[in-house]
Amino acid sequence: MADKIIVFIDLEATGLDTSQCDIIQLAAVCEEKVFNKFAVPHQHMTDSAKEVTGFRVRSGRLFRRGSLVETVPIVDLLTSFIDFLRSFRDPVVLAAHSVMRFDAPVLTRVMKKHHLFPQFQEVVSGFLDTFLLSKRLFPNIRGYSQVSLVSNFLGKSYDAHNAEEDAKMLQELYKVWRPDESKVVANTFKVNEKYFY
DNA sequence: TGCCAGGCCCTCTTTAGGGCCTT
């Protein structure tokens with residue numbers, strides 16, 4: 001585990017229902033390497049997702065806080081993400097905040113839907129849940145949301161719910177935490193489609 | 001138009017309820 005490459009990811013979606021939401025933005029960060037792409041969702045966004053993410057779809061185009069966003073078809077987003085992950089020397093660990101609750105089920109379902117799960121499985125060895133990890137590392141702090149953790153450990157606020165910024169902040173947090181390998185392993189989970197559906 | 005999740009964890013628990021965390 002110590003030599004595993006960890007790629008920090010975040011995704012924005014049309015809602016919180018992992019069984020049906022669409023991906024709007026997917027970002028990944030590993031050191032200086034950055035992946036960040038957007039897709040126009042086909043599902044309606046929930047009101048809370050609109051409010052939280054700032055995304056809107058008008059006339060088949062994606063806007064964030066009023067600005068037009070460049071998008072790609074969802075299949076292109078997924079295949080280019082797999083290509084990005086394939087650029088690392090070994091299968092990587094994908095780390096995200098509450099990854100087991102949200103990002104992993106969504107990614108797994110959408111990859112399967114587009115018949116890309118076998119390729120995804122080739123380049124990803126596991127999921128590291130930084131929410132669960134932070135609770136184990138710091139059992140007595142007040143809140144474990146990513147915004148709270150960034151405020152507490154990095155002393156700053158940021159553009160939360162922009163997936164690229166979220167992924168970058170998560171990488172910064174991890175570098176400050178320097179978690180023991182045992183705790184990282186305890187909060188890393190295998191990639192398995194049967195975990196979710 | 002109105003619909004809007006769910007598994008884990010904690011405790012004032014276990015014959016359960018509520019808050020957290022992700023969008």
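Computation of the quantities below employed the complete heavy-atom set of this structure, encompassing side-chain atoms and omitting hydrogens, waters and symmetry-equivalent molecules. In the text below, chain A, chain B and the rest are named by the order of the sequence lines, each starting its count at 1.
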Q: Whole-Å distance between B/dT23 C1' and A/L16 CG?
A: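 Result: 4 Å.
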
Q: In whole angstrom, what separates A/I24's CD1 from B/dT22's C1'?
A: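 Answer to the nearest Å: 14 Å.
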
Q: Give me the distance, rounded to whole Å, that separates B/dC12 from B/dG19 when you measure between the C1' atoms they each carry.
A: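 Per the computed distance, 15 Å lies between those C1' atoms.
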
Q: With sugar-phosphate meaning primed atoms plus P, OP1 and OP2, does A/S48 contact a base, only sugar-phosphate, or nothing at under 4.0 Å between heavy atoms?
A: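 Answer is base: heavy atoms of A/S48 come under 4.0 Å of a base.
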
Q: Can you tell me how far P of B/dC20 sits from CD1 of A/I141, to the nearest Å?
A: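 Taking CD1 of A/I141 and P of B/dC20, I get 14 Å after rounding.
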
Q: Say we look at B/dT15 and B/dC20: how far apart would their C1' atoms be, to the nearest angstrom?
A: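 Their C1' atoms lie roughly 25 Å apart.
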
Q: According to salt bridge (charged side-chain N to carboxylate O under 4.0 Å, His left out), does anything in residues 13-34 of chain A pair up with another residue at least two apart or in another chain? List the pairs.
A: A/E31-A/K175

Q: Starting from C1' on B/dC20, measure out to CZ on A/R142 and report it in whole angstrom.
A: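 Answer to the nearest Å: 15 Å.
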
Q: If we take the P atom in both B/dG17 and B/dT13, what is their distance in whole Å?
A: 13 Å

Q: Base, sugar-phosphate, or nothing for A/T46, non-hydrogen atoms under 4.0 angstrom?
A: base

Q: Side-chain donor-acceptor pair under 3.5 Å between A/N162 and A/E12, yes or no?
A: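 Per modelled atom types, A/N162 and A/E12 side chains form no pair under 3.5 Å.
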
Q: Starting at atom CG of A/L26, determine the distance to atom C1' of B/dT22, rounded to an integer number of angstrom.
A: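 Taking atom C1' of B/dT22 as the reference, CG of A/L26 is at 15 Å.
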
Q: Let me know the distance between CZ of A/F131 and C1' of B/dG19, rounded to the nearest Å.
A: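 That distance rounds to 10 Å.
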
Q: Report the distance from atom CD of A/Q20 to atom C1' of B/dC4, rounded to the nearest whole Å.
A: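 The answer, rounded to whole Å, is 9 Å.
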
Q: Of all the nucleotides listed (B/dC21, B/dA5, B/dT23), which has the minimum atom distance to the side chain of A/D17?
A: B/dA5

Q: Any side-chain heavy atom of A/K4 within less than 4.5 Å of one from A/V92?
A: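 In short, these two side chains do not touch, never coming nearer than 4.5 Å.
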
Q: Please report the distance, rounded to the nearest Å, between CZ in A/F102 and C1' in B/dC20.
A: 16 Å

Q: Using a cut-off of 4.0 Å on non-hydrogen atoms, how would the nucleic acid contact of A/D103 be classed: base, sugar-phosphate, or nothing?
A: nothing

Q: Of all residues at least two apart in sequence or in a different chain, which pass the salt bridge (Lys or Arg N to Asp or Glu O under 4.0 Å) check with A/E172?
A: A/K156

Q: Please report the distance separating the P of B/dC21 from the corresponding atom of B/dC3, rounded so that it comes out in whole Å.
A: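 Those two atoms are separated by 27 Å.
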
Q: Kindly determine whether A/H161 and A/T53 satisfy side chain to side chain donor-acceptor pair (under 3.5 Å), including the steps that lead there.
A: CA-CA 5 Å; A/H161 291 294; A/T53 66; over 6 Å; no

Q: Less than 6.0 angstrom separating the ring centers of A/F55 and A/F63, yes or no?
A: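 No, ring centres 6.0 Å or more apart.
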
Q: Which residues in residues 157-173 of chain A have at least one heavy atom lying under 4.0 Å from any atom of DNA chain B?
A: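 Heavy-atom contacts with DNA chain B come from A/H161.
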
Q: I'd like to compare against my own output: the B/S/- annotation of nucleotides 8-13 of chain B with a strict under-4.0 Å heavy-atom distance to protein.
A: -S----

Q: Determine the Euclidean distance between corresponding P atoms of B/dG18 and B/dT23; express it in Å to zero decimal places.
A: 26 Å

Q: Could you tell me if A/S148 and A/S145 have a donor-acceptor pair between their side chains, going purely by distance under 3.5 Å?
A: yes

Q: May I have all residue pairs that pass salt bridge (charged side-chain N to carboxylate O under 4.0 Å, His left out) and include part of residues 59-76 of chain A, sequence neighbours excluded?
A: A/R64-A/D159

Q: Closest-nucleotide mapping onto DNA chain B: is A/D47 or A/Q146 further toward the 5' terminus? I mean the 5' end.
A: A/D47

Q: Considering only the C1' atoms, how many Å lie between B/dC10 and B/dT14, rounded to the nearest integer?
A: 13 Å

Q: Under a 4.5 Å side-chain heavy-atom rule over Ile, Leu, Val, Met, Phe, Trp and Tyr, are A/V7 and A/F189 clustered together?
A: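 Looking at the clustering, A/F189 is in the same group as A/V7.
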
Q: Just to verify, what does A/K37 make a side-chain hydrogen bond (donor to acceptor under 3.5 Å, both in side chains) with, not counting sequence neighbours?
A: none

